[in-house]
Undergrad: 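Take a look at the following structure, please.
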Amino acid sequence: MFMLEVSHLAHGFDRQPALWDIPHLYWQGRSLVHLRGDNGSGKTTLLRLLAGLETPRQGTIRWTLTGSMPAASPPCPGRVLYLHQQPYLFDTSVAGNLRYVARWHGWRGNMARDRVAAMLERCGLAAHAEQRARSLSGGERMRLALARAWLLSPRVLLLDEPTASLDRQAIADVSTLISSLHETGCAIALSAHQPSALTERCDEYWCLEQRCLQVSAFKQGVAV
Ligand SMILES: Nc1ncnc2c1ncn2[C@@H]1O[C@H](COP(=O)(O)OP(=O)(O)OP(=O)(O)O)[C@@H](O)[C@H]1O
């Protein structure tokens with residue numbers, strides 16, 4: 001179970017006026033959220049603030065993460081993870097990027113091998129296991145970054161334009177992976193300009209417009 005409470009949040013850069021003022025934002029459960037807004041409306045900034053990667057000029061952001069995780073999940077400082085649209089990958093092989101997380105978990109021998117192999121299969125990268133991660137295509141890079149995040153058992157994933165600049169097939173592949181991760185119980189907020197099958201599955205919309213955040217919730221396509 002997690003809960004996010006945002007109060008009187010405002011942020012801007014240098015001496016510019018605040019990008020927006022968000023008096024209150026409340027998020028809980030395991031919903032799939034679509035964050036939208038024009039270019040420059042502050043979507044990346046908001047996601048980075050929520051992830052704790054920037055300090056707000058004003059206001060508070062409070063996460064409450066409680067309850068037990070699956071037995072295989074160790075305590076993890078990265079329960080709220082942010083992924084940039086061009087995710088950072090370690091300069092090693094595809095499998096090496098996942099092995100890094102396995103080592104962090106303390107998995108050894110067969111357990112590490114099996115879990116890395118299963119994740120490579122799940123994200124459709126088994127055939128690329130020994131390829132340099134940084135030579136992957138855009139869609140493959142995003143799938144690897146999602147797989148690496150998945151191994152960290154996040155409670156909440158904040159995805160910054162995960163399908164930007166991808167072709168139709170890559171969007172479908174990345175969307176499938178995001179949906180699978182969401183089905184494990186991970187709450188996800190993703191920013192995206194273009195509507196897609198994935199954004200249509202979202203049950204909450206956050207829209208940055210005219211320096212405000214509008215929130216609407218949907219259930220099976222109907223506003224609630
Ligand atoms: N580190 C920074 N220093 C100064 N200004 C910044 C910084 N980061 C973002 N900005 C400015 O803040 C505004 C919002 O940027 P942000 O990247 O959050 O918008 P966005 O909605 O994600 O845009 P896009 O849809 O184009 O990715 C922009 O005007 C941008 O130039």
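This structure is a prediction, so every number in the text was calculated from the model and none was measured. Read the numbers this way: they start at 1 and go in the same order the structure lists the ligands and their atoms. Residues take their numbers from the sequence shown, with the count starting at 1.
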Undergrad: Using 30° and 60° as the class limits, which term best fits the ring planes of Phe2 and Trp27: parallel, tilted or perpendicular?
TA: perpendicular
Undergrad: If the condition is ring-ring contact (aromatic ring centres under 6.0 Å, His included), which residues does Tyr82 pass it with, not counting sequence neighbours?
TA: none
Undergrad: State whether a side-chain donor-acceptor pair under 3.5 Å links Ser179 with Arg201.
TA: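 Distance-only check passes for Ser179 and Arg201.
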Undergrad: Within 45° of the ring axis of Trp107 and under 6.0 Å from its six-membered ring centre, is that where the NZ or CZ of Arg115 lies?
TA: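 Judged by the rule (NZ or CZ under 6.0 Å from the ring centre, within 45° of its axis), Arg115 counts as positioned above Trp107.
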Undergrad: Who passes side-chain contact (heavy atoms from CB on, under 4.5 Å) against Arg62, sequence neighbours left out?
TA: Glu5, Thr64
Undergrad: Show the protein residues that qualify under the rule heavy atom under 4.0 Å from an atom of ligand 1, listing them in chain and number order.
TA: Phe13, Leu19, Asp38, Asn39, Gly40, Ser41, Gly42, Lys43, Thr44, Thr45, Glu161, His193
Undergrad: Please identify each residue that fulfils ring-ring contact (aromatic ring centres under 6.0 Å, His included) with Phe13, with sequence neighbours left out.
TA: His11
